[in-house]
Amino acid sequence: MVATYQLRTDGNRAIDITDEVAGAVADSGVREGIAVVALPHTTASLGIISFPDPLGLIDVMDEVNRLIPTRIDFKHQHDTPQDAAGHIKSTLFGTSLSLIVTDGALLLGHSQKVYFMEHDGPRNRQFHVQIVGR
């Protein structure tokens, strides 16, 4: 079974989706296995980021934008310069995550959360979660 979640991004930032992924795990009834989170988008990515200091999320996105800035000299100009930069960010950081499920829950570190990273917002987005196991 694949669980699909909708979200509306309000700009380029990291959005916590941990509760949705954990809910999909709980709803699946799987005790031991893998949770796969996947995006059907080419200008967004997924990441695991420490959450205790919200400024850390801003630092991550600022650094992503420093490494791959929006600029007008990209050869790929389908929509906007932000769109072109978003494609590169998505490719480098990835559109799927595989997470361990044990004892019926996600196995994450004490300060880890799963984040949807928007690189071309605001947009209507979705992500999928599939749980495999026993």
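This chain uses plain numbering: 1 for the first residue, then up along the sequence.
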Check the pair Tyr5 / Val129 against side-chain contact (heavy atoms from CB on, under 4.5 Å), numbers first and verdict last. CA-CA 8 Å; Tyr5 299 89; Val129 182; 4.0 Å; yes
Using a cut-off of 6.0 Å, state whether more than 12 heavy atoms not belonging to Leu92 lie near its atom CG. yes
Heavy-atom count check: over 12 atoms from other residues, nucleotides or ligands less than 6.0 Å from Arg134 CZ? no
Is [Y] reachable from [X] through a run of hydrophobic residues whose side-chain heavy atoms are each under 4.5 Å from the next?
X      : Y      : value
Tyr115 : Ile68  : yes
Ile49  : Leu7   : no
Phe116 : Phe51  : no
Leu99  : Val132 : no

Please step through side-chain contact (heavy atoms from CB on, under 4.5 Å) for the pair Phe93 and Val60, ending with a clear verdict. CA-CA 12 Å; Phe93 298 104; Val60 168; over 6 Å; no
Roughly how far apart are [X] [atom1] and [Y] [atom2], rounded to 0.5 Å?
X      : Y      : atom1 : atom2 : result
Asp53  : Ser111 : CG    : OG    : 11.0 Å
Ile88  : Asp83  : CD1   : CG    : 10.0 Å
Ser90  : Glu118 : OG    : CD    : 10.0 Å
Leu108 : Ile100 : CG    : CD1   : 9.5 Å

Of all heavy-atom pairs between Gly121 and Thr9, which one has the smallest distance, and what is that distance? CA-OG1, 4.0 Å
Closest non-hydrogen contact found for Met61 with Asn12 is CE-C, 4.1 Å
List the atom pairs, donor and acceptor, that lie under 3.5 Å between side-chain atoms in residues 13-26 and the rest of the protein, sequence neighbours left out.
unit_1	atom_1	unit_2	atom_2	d
Arg13	NE	Asp10	OD1	2.7
Asp16	OD1	Thr18	N	2.8
Asp16	OD1	Thr18	OG1	2.7
Asp16	OD2	Lys113	NZ	3.2
Thr18	OG1	Val114	N	2.7
Thr18	OG1	Val114	O	3.4

Is the side chain of Asp120 donor-acceptor paired with the backbone N or O of Gly86 at a distance under 3.5 Å, no angle test? no
Does Asp103 use its side chain to pair, donor to acceptor, with the backbone of Ala105 at less than 3.5 Å? no
Are any non-hydrogen side-chain atoms of [X] and [Y] less than 4.5 angstrom apart?
X      : Y      : value
Met1   : Gln130 : no
Ser50  : Gln112 : no
Asn124 : Gln6   : no

Validation: residues 33-46 side-chain donor-acceptor distances under 3.5 Å, sequence neighbours left out:
unit_1	atom_1	unit_2	atom_2	d
His41	ND1	Arg125	NH1	3.2
His41	NE2	Gln126	N	3.0
His41	NE2	Gln126	O	3.2
Thr42	OG1	His87	ND1	3.3
Thr43	OG1	Arg125	NH2	2.7
Ser45	OG	His119	NE2	2.7

My understanding is that only residues two or more places apart in sequence, or in another chain, count here; which of them pass salt bridge (Lys or Arg N to Asp or Glu O under 4.0 Å) with Arg66? Glu63
